[in-house]
Amino acid sequence: MVTDLIKIPCVRNLVFRDHLQAYPESIINVTLHNVIVTHKQPDGNYKELWIFYTNMDAIQPKFPMKTEFRSQLPLSPSLASVYTIVLRLKTLETCYFDVPVLDDAIKLAESLDALIANTDGLTCDVTFLFPFCFSRDFDVIQDGWTAFSVESEYSRLQAISDEWRISDVNKDFAICETYPERLVVPKSISDDYLKRSAAFRAHNRFPLLCYLHKSSKSCIIRSSQPLVGPSVRRCKEDESVVNAMLTQRNKKGWILDTRHPNIIKSAQSKGGGCEPDQYYALWRRLNWNLEKHNLLQESFMKLMDACIDQSEKDRWLSKLEGSNWLLHVKETLKTACTVAQTIDCEETSVLVHGSDGWDTTLLVTSLAQILLDPDCRTITGFEALIEREWIQAGHPFRTRCTRSAFGRSSHGYESPIFTLFLDCTWQLLQQFACSFEFNDTLLIELFEHAYSSKFGTFIFNNEKEKKKYNGIKQTVSLWSYFNRPEILHTFLNPFYEPNPNVLWPSVAAPSIVLWRSLYLRFYENQTPQREAWDEYLLIKEKEMQLRSYVNKLRQELLELERKCTEKASNTTSIIKTEKDPVTI
Amino acid sequence: MNRQLFIEVLRQISSRFDLFKSLLSHEDYLKVENVLVIDRANNRQYVSGTIYLTATHLLFDDPENKRQTWILLPLISSADKLPTTQQGCPLRVRTKHFLSIEFIIPKERDCTDLHATLNQLKCDSIEKLYCFNYVAPTYLEKVWDPFLLATEYMRMGVPNREWRAETCNSSFEMCDTYPSLFYVPTSTTKAMLIASSKFRSRGRLPVLTYLHPNGASITRCSQPLSGFSQRCVEDEQLLQCILKTNSQSSTMYIIDTRPRINAVANRAAGKGYENEDHYSNIQFKFCPIENIHVMRGSLQKLLETCEMKNPSMNQYLNSLDNSSWLQHIKAVLDAAIFITRAVEVEKKNVLVHCSDGWDRTAQCCSLSELLLCPSYRSIHGFRMLIEKEWLSFGHKFGDRCGHTRMTDSKEQSPIFLQFIEIVWQLTQIYPSAFEFNERFLISLHDHCHSCQYGNFIGNCEKDRLDLRVKERTYSYWNYVLQNVNDFKNPAFRPQSAYASEVLIPTLNTQTLKFWLNMYHRFDSSLLPKENISNTLTNLVDHTAALNDHARLLEKRIRELRSVLNNGLSSYENIQNLVSQSTKTLPDHDSSSNGNELPPSTIETKQSSAPTSSSDIESEISDDQSPNGRPSSIPATLEHQSSTEINEIPGNERIAFELNSVALDWRSYRTPFQCMCALPMDSAQRKHVCWRCGENFCSRCIEHGVRLPGLYSNSAAPVCKTCARSIKSSLSMIECSKNLTTVTMKPSSLTDDENKI
């Protein structure tokens, strides 16, 4: 029971601090889902801050403490005999609580520590997470659960090619647990073939179409690794499935394996591996070394460690370099560019997979689509991309996002793959500031909701789980919340001008920069930036207004001119009907 | 080709061969063909072309990509011959504005010749600097608007009860690197100043440089010649006098901007820092900013980082870190923030010095003043700041930038560049606080090195007076004034707290960024393909054009209405129209009603006329005002319309006016090609033709065209094709109807008003 974990329900008279301000005489209440921090604003009003346990990443120092260390509990620098608890949130914020009584501090810290551990992705009961208790407090304009259906994707596809069909082969998740129930597959392939192909792929993730390029009909396909094994098994049905997807003129494809050859070798000895050249004659293989999820997690932790480091001793840039985060960003973008280049310039299809096909594979396929497809750069298109390429493609959000940059879960499956995707998207956004309909607020919001949310969109590992826990009925979709005008307008990029071209970003080292507005947003004062942004909006609005005003004046002028001419030709009939201004 | 002869010829011909065409028709240039240039971003790509060397420029012409690289000779910092390769003999040219280009010349002799010529062309005397030969485009006049130090001090309220002007340096006898006029406490005596001047390195005694509204001041000087035991009672008295000018604090800061160890080492040479035993009520503080040699080395490493060919992320970050460039930037900014706090928060006087008081001192004083005083954040104010802190107080631009080849290379150092970069870092932290943009900072930096204008040559005011630069050269500030629209920050918001109050940034190491657009500006492939600041400038220009056009349309509608109403000049009717238009444009409404809302800032910024458009703005709002007082302007307009009643603006004319202003502007995506096929990237300034709305490079645009569709009749940028068609059709219409004289009248009137 959660209530047993709460050792102290309320602590009074503490100082609540963040990086920019301190609020004395605050009160903290520990409840079932969150702590509520009541703090006094400069204007004298009290404000409540709700921090959900699902949003808590780690607590420092670690509790429970052995008695002999208790004297070492860090004292707040400003006030003597005050005990500071540092609470790191998944949104990357840091809160400090200066508690005056040692016993309270320990109890509070112990409670929080236990409550945080209680939210671990694998062990916790999903239905107990806050999204299941959250009742909608807004009117839904478009239900996010049904907004992105396979049918709408299919109709889009049909406009390009009619060689595809929707298959119910995965009804009740019969052949693959991590794929959705309805899937788009080649017309020429029967469901039986798909079943056999699934049996030949890790986690039954058989090759699926993710993107068909309009001009060349070359496509991006993703799957998991084939179960080739040390005996180099083959599966003719699998070969037929992938070959059936080569609908473009040259019938050639690349297989892009996101793993290092050495890793493939060791995978092969364990029953996995990569498609042997002799059986996949139409395909050529390419290896691209993208790091595995656990290394990315380490990198992310080091990155945030560097970002929140306030000491002058360590050199910031070398810490940043040591984190390798920007290296991962650069490599990921480069891989995506390679895929885009193959599709657009060489008009050749690409099959992307790693081992499981639900981490780095999705990173590459989704980024390549942003580069190639202008629709993915609109807000709806981007949401559809995330829904299709991440949620329905079975990226295990709950296990991956159970911890962010400061904490460690008991199972160790957490990984910032989705964060990396958002970061890469942001890099594109800052290189092509006018080609995206959205601004970085959307990306930051997505980051926050992926880690901690009152919505059900990111709390399941796959579609099967969503169905099992009846997520659609029990929780609210994030897209329902996003797709309301008052929220949508905060995501709009005022400088957006649809760009039909493929984006070719620079992936050279100097062009890859740190996403300050995400990682440093709680550690630097963002007000001047926000004020400048408001100014940008004003400038844009002013221009739009004037444009339509001038347009209106012009029409009015032409109308008047016409009347003048009439009048000149018909001088006798001057009437005063013109008293009301003509509006066109 | 005989090199000696060539140089002789070059010396004789003046620098008038700026234009490519006139250059080609002339025979006196050195030409090397079939030269290869490696693309810096992509090692395997070469472009081939021809090098032309003229008296003023090195030009690389790449006919295939239609790209020309013009390098102004004074900007070349080094030309090095590299070991010969299979393809030919490489010659690497580096410039002071961070272009690094490697020419591979097929014949070794050509390479040797070019190398030697480039080295010999390097200016060997200050008298021969480019500014003395430079002939500017006709719109620039050789007029120096006088900068008077006294005016700037007057603005700060000096002289006053505490501070007075001192003229004993009027012919630079006391200190030749100081201005002829400086300000000292009223309680000082001449003897005290002379003695103090003798006790300070190079005679640079403590003088006032900034007085804050709260009474605290910043004074600057050089290090005292204290050695281990020397003291000077007058210098101590002078400091006491400075301390007493500010009654709010009983102590003052002395900030030595050197690391303590450097200051101590200087003692051995008979210099050093103030002995706290002798100076009472002093708080002494060291700010560890390294010396010019360390800074030079750091920039060297930074540029090596930039020149790395296709570095991995880690190599790049490592190399950037090893250059320590950003750490030095932070050290200077930290010192400036410290001074700002001392003045604003602690309300204490601050005396700043380093060794000679013209490098680190200039950086720290100018930056803290920029933080303290909002008026320095405007273009004009920033000029004042540079005139005062850098030019008047003798920053050695000649030596630090290495204007002539006679200067010691050990004297060169990127001190001013650091200052410019820190200002840029501040513009990144406070995007709406500064009136100027990045382009301005880059231009300022480049022209300190280019020697095209006389402002930055020599080492101090005295040098420039001796060289008579004001008579013989053009002024950079005049150039800025003429092109001020290029240099304005569209997001500047004068009424925001950041633009009108003291700024005290909290600075983390993470805050500072690498300045891609400065150091990588010639690597267009690395730069963002679309950037917001270009788009914003575009929007602001477009708004200006539309606004101007809308006013003309309003006027025409009024005219036609009165015609339709049979010349009854119905005031009522205008009112109707006006109330309608005010509905659509609430901004006009608010400013006209004289509400508490200030006039919109965009309005004041966007004007393409050389003056602020606020007069026009208020005038226009007046004549729109539905319930406003019957001001004179609607009256005159009424009058005009009644005189024009018989002369209806004809159909042709209206169509012509409508056609002369583009409603939509083409969006700006890079890379794009100008009409002349010149490829453009985001670093280059592009222009939009106000008539057709297309994008053009700066060479394909004319600036002086008056569009008939604009009310203000101010000159607008128009592409050459449109300019021609405007001119021809204008004359046609003038012939056919004798209207222009009448309709032009109010426009020219407002134009005159603007000029006031």
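A note on names: the letters A, B, ... follow the listed sequences, proteins ahead of strands, and every chain is numbered from 1.
Inter-residue side-chain proximity for Phe522(A) and His19(A) is flagged as unmet; no heavy-atom pair is nearer than 4.5 Å. For the pair Arg377(B) and Phe492(B), the minimum side-chain heavy-atom distance is 4.5 Å or more.
For Lys330(B), the part lying under 4.5 angstrom from a heavy atom of chain A is the side chain only. For Thr506(B), no part lies under 4.5 angstrom from a heavy atom of chain A. With a threshold of 4.5 angstrom between heavy atoms, Thr565(A) approaches chain B through side-chain atoms but not through N, CA, C or O. For a residue to count as touching a neighbouring chain, one of its non-hydrogen atoms must lie under 4.5 Å from one of that chain's; by this rule Ile429(B) touches chain A with the backbone only. Neither the backbone nor the side chain of Thr305(B) has a heavy atom closer than 4.5 Å to any heavy atom of chain A. Both the backbone and the side chain of Asn314(B) have a heavy atom closer than 4.5 Å to some heavy atom of chain A. Of the two parts of Leu558(A), only the side chain, counted from C-beta on, holds a non-hydrogen atom closer than 4.5 Å to a non-hydrogen atom of chain B. For a residue to count as touching a neighbouring chain, one of its non-hydrogen atoms must lie under 4.5 Å from one of that chain's; by this rule Gln327(B) touches chain A with the side chain only. The contact between Lys540(A) and chain B is made by backbone and side chain atoms together, counting heavy-atom distances below 4.5 Å.
Counting only distance, with no hydrogens or angles, the side chain of Asn324(A) and the backbone of Ser299(A) share no donor-acceptor pair below 3.5 Å. Judged by distance alone, the side chain of Arg521(A) and the main-chain N or O of Leu518(A) form a donor-acceptor pair under 3.5 Å. Here the side chain of Asn489(B) pairs a donor or acceptor atom with the backbone of Pro431(B) at under 3.5 angstrom.
When each of Ala550(B), Ser312(B), Ser432(B) is scored by its heavy-atom pairs under 4.5 Å with chain A, the top score falls to Ala550(B). Comparing Met544(A), Gln430(A), Gln529(A), Glu331(A) by heavy-atom pairs within less than 4.5 Å of chain B, the highest count is held by Gln529(A). With chain A as partner, the option from Val661(B), Thr511(B), Leu516(B) having the largest number of non-hydrogen pairs under 4.5 angstrom is Thr511(B).
Applying the side chain to side chain donor-acceptor pair (under 3.5 Å) rule to Gln310(A) yields no partners; only residues at least two apart in sequence or on another chain are considered. Applying the ring-ring contact (aromatic ring centres under 6.0 Å, His included) criterion to Tyr430(B), with sequence neighbours excluded, gives Tyr498(B).
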